[in-house]
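Here is the structure we will look at, set down as structure tokens.
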Amino acid sequence: MKNSYSLKSKICLSLVLILAAVTSSFAQEPAWKVTLDKGVEWTRYTPNKILLIGSSDWGLHGVDATNGKLLWSNEDLYNSAKAIKGADGKNQKYTEALIQVLTDDSDPKVSDFAVIKYTDWVSVKNFVVLNLRTGEVVTSPAKAGFPTQKVLTSLKAMGSETATFNYEGSAYIPELKAVMVSGTWIDIKAQGTPSYQLTKLIDLESGKELWANDQVNANFEPLITEDGNLFLLGDNIASKVDAKTGKVLWSYAVAEKKNTFQSFGANLNVTDGYIYQKKGSNGLLTALDLNSGNVKWEKELSSKDAPMLSAEHYGVIAADEKNFTLFDSESGEVKWTAKKLDGVVVDMGGEHGIAVGEKGKYLTVLDKHTGEEKWSEKIKGIEIDQLTGAGIMYRNEDGSIGLFDFDGKPIWDGKNMIKGETVLRAKPSMIEEIFYANGKIYNVDLITGEKRVIIDDIKFKEKETPDQLEYTGTNFVLSSSQNMLGFDDSGRVLYQGHWPSPKISLAGRIALRTVQVAALAMTVASSAAAGANHNTYSNVSYNKYGEDYKRQADFYSGIADGMAAAAGKRFKATISRGTNSFILTDVGDGNGLVRVDKVSGKSTGEIKLNDKEPTFDSDPENGMIFYKPSKKEVHGYVF
């Protein structure tokens, strides 16, 4: 026993020495370093060269990505998000998903700002617009002057104070480059508990209040109308306001005070709007002229459930759990009603009809004039994918892609579908789409429906399966962690490259093998000793000494298995951004990241990190990477 535990100590010491030898080699010096007192949870690079860092205390930090200068820190933006639980019922982790960096192709300055918005729809909600260069809050309900109230977290407990606001009605409005904050509340301390409403528009760049109006509110996302003004739909009042002044141009209130607006739809030109409100045990559907505010028509519905409203040029469809009804857009007359239809409604144009899913089992096409079924096909798990010039493309429950023409005849279905465990797609134009599936590349003409295999029998080294297909603007790139294939839309291969994933060094593998052999020997010896201490006339398999030897045998067996797995382990950590891929591979006598140009397939730079499992972000424009070497650091590297 003494010799066995002595060898056990030697094996553990050998592991420490091997790991030290594997990780102690030279790594390249970064251009800059940032260290936070709290741990670094995540990083995110923004279009305007700001690196956002989220710290383990739920703080947010802004860093100039070009020189590593810490621009600002804010520890108060996300505190309430700690209470939000995920789908598994556990508190969610602090991630970059909580922040939306704004973009505008016509104005790069917009990316200097971000929206922080989240809710659990019970007691937690937050809305903040942040200047990413200064860390200053542009606006929030509190900064905009909305009243602060205690939030009821349970029937008995009051939570933290928060400024009141309507979550859906408060948003950034890209067309105006402004932020709307809207809210409704009741003053429970005042006699009669009066109710109030308030809506403000804030300029994004300056943070200045453009206007305020206490006669309107929005409980749905604000909508820009045809003439550039704002349509706001609150719980019980619909309003159109002048976008520049906030002046009410017209308003429409619920039929009765206890009613509330529950769903809304508008036509493509945003000239007509359709609002559903509860009315007693039934409902009321109203058509509004969004230019004048005039009621075009109203219809009472027997539906108890708020219907989904889908407005088309020929009418408005109201779909609830029982009925699928088309109303004439001008008169409100019921054109027809169908049963048991749900899902996405697709107008197939001309006289081709309306395509809709039927309880996830059928793809059904209706005559838009009569509601009669033109054709229907049973497809398990049907999802309408897109409308093409040739017909309607769909997906089934396996994720395979098929195509019907407008008359319901299959162009490709069954065995002829694009199918495989992984289906990847790239769409360079409105008339062409490239697919990868099951080792093949397809070119699909979206006008004629013609499908051609342009590259067959694709194989990647290290037995990798492609996981990304993209169009660079010049060529197509099919890639996995360590492989890239560049080609054009005719199937001409421009390049194919493989950058081997790093393994433990040869010396390290030899050392691991030595430990493995020793551990296997001890496994055999300990198993034999355990067998010699077996209870022949007992329900217990081993006596006291046998149990000790058995545990020892299991220990050495685990060591042997672990050494075998470690010796063969490969490490992968590739990121694809813009026209560059950053691939973890062997670099010189160590390992690091190679920058590969997706257009040429050539390596254009490398950085030696000697970290086989690096956590990093990248700047797709100039190829910088932002590497997290430890829990509290971020290093910036320039290729």
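Everything numeric in this text was worked out from a predicted model, so none of it was measured.
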Which distance, rounded to the nearest 0.5 Å, do you find between the CG of N483 and the OG of S581? 11.5 Å
Please list, one pair per line, the donor and acceptor atoms closer than 3.5 Å that link side chains of residues 98-111 to other protein atoms, with sequence neighbours excluded.
residue, atom, partner, partner atom, Å
D104, OD1, S106, N, 2.9
D104, OD1, S106, OG, 2.7
D107, OD1, K109, N, 3.1
D107, OD2, K177, NZ, 2.8
S111, OG, L102, O, 2.8

Counting C-beta onward and ignoring hydrogens, is there a side-chain heavy-atom pair between N79 and N126 closer than 4.5 Å? no
Nearest heavy-atom contact between S80 and Y118 is OG-OH, 2.8 Å
Who are the side-chain contact (heavy atoms from CB on, under 4.5 Å) partners of V493, not counting sequence neighbours? I455, L485
Does the salt bridge (charged side-chain N to carboxylate O under 4.0 Å, His left out) test come out yes or no for E633 and K33, once each step is laid out? CA-CA 7 Å; E633 293 179 292; K33 300 179 181 180; 5.6 Å; no
Check whether any side-chain heavy atom of K628 sits under 4.5 Å from a side-chain heavy atom of T43, and report yes or no. no
Heavy-atom closest pair (G402 atom, M417 atom, distance to 0.1 Å) is N-CE, 3.6 Å
Between Y45 and D619, is there a side-chain donor-acceptor contact under 3.5 Å, judged purely by atom types and distance? yes
Can K602 and D597 be counted as an ion pair, charged N to O under 4.0 angstrom? no
Do V179 and V138 have side-chain heavy atoms sitting under 4.5 Å apart? no
4.5 Å side-chain heavy-atom contact, F639 and T604: no
Drop me the distance from I401's CD1 to E433's CD, to the nearest 0.5 angstrom. 8.0 Å
Non-hydrogen atoms of A31 and V638 that approach each other most closely: CB-CG2, 4.0 Å
Side chains of D112 and N48: any donor to acceptor distance under 3.5 Å? yes
Once the angle between the rings of Y637 and Y627 is folded into 0 to 90°, is it parallel (under 30°), tilted (30 to 60°) or perpendicular (over 60°)? tilted
Can you tell me if I431 has over 12 outside heavy atoms packed within less than 6.0 Å of its CD1? no
Evaluate the criterion side-chain contact (heavy atoms from CB on, under 4.5 Å) for residue pair L223 and V270; output intermediate values, then yes/no. CA-CA 9 Å; L223 187 68; V270 199; 3.6 Å; yes
Looking at A171 and K117, what are the two nearest heavy atoms and their distance? CB-NZ, 4.4 Å
Do you know which two heavy atoms are closest between L584 and P614, and how far apart they sit? CD2-CD, 3.8 Å
Nearest atoms (heavy-atom pairs only) where L60 meets W72: O-CZ3, 3.4 Å
Any salt bridge linking K38 with E75? Criterion: basic side-chain nitrogen under 4.0 Å from a carboxylate oxygen. no
Determine whether the side chains of S429 and E432 contain a donor N or O and an acceptor N or O closer than 3.5 Å. no
Take T199 and M180 through the side-chain contact (heavy atoms from CB on, under 4.5 Å) test and state the conclusion after the steps. CA-CA 7 Å; T199 297; M180 175 171 287; 3.9 Å; yes
Flag if over 12 foreign heavy atoms under 6.0 Å of CG, N67: yes
Could you please spell out the steps behind the side-chain contact (heavy atoms from CB on, under 4.5 Å) verdict for V34 and L51? CA-CA 11 Å; V34 171; L51 183 68; over 6 Å; no
Please determine whether the number of non-hydrogen atoms from other residues, nucleotides or ligands lying under 6.0 Å from atom CD of E221 exceeds 12. no
Could you tell me if the side chain of L201 sits less than 4.5 Å from the side chain of V241, heavy atoms only? no
For the residue pair W211 and K244, establish whether any side-chain heavy-atom pair is separated by less than 4.5 Å. no
For I607 and F582, run side-chain contact (heavy atoms from CB on, under 4.5 Å): C-alpha distance rounded to whole Å, both residues' side-chain angles, the deciding distance at 0.1 Å, then the answer. CA-CA 10 Å; I607 292 173; F582 302 87; over 6 Å; no
Within-4.5 Å side-chain heavy-atom neighbours: L469 and V477: no
Given F476, which of Y442, Y471, Y495, Y436 fulfils the ring pair (Phe, Tyr, Trp, His ring centres under 6.0 Å) condition? Y471
Take atom NZ of K82 as the centre, draw a 6.0 Å sphere, and report whether it contains more than 12 heavy atoms from other residues, nucleotides or ligands. yes
Y167 side, atom OH; F127 side, atom CZ - distance, nearest 0.5 Å: 9.0 Å
CG-CG distance between L130 and L52, expressed to the nearest 0.5 angstrom: 8.0 Å
L204 side, atom CG; L176 side, atom CG - distance, nearest 0.5 Å: 11.0 Å
Check: D398/S400 side-chain N/O donor and acceptor closer than 3.5 Å: no
Find the distance between CD (E397) and CD (E383) and round it off to the nearest 0.5 Å. 11.0 Å
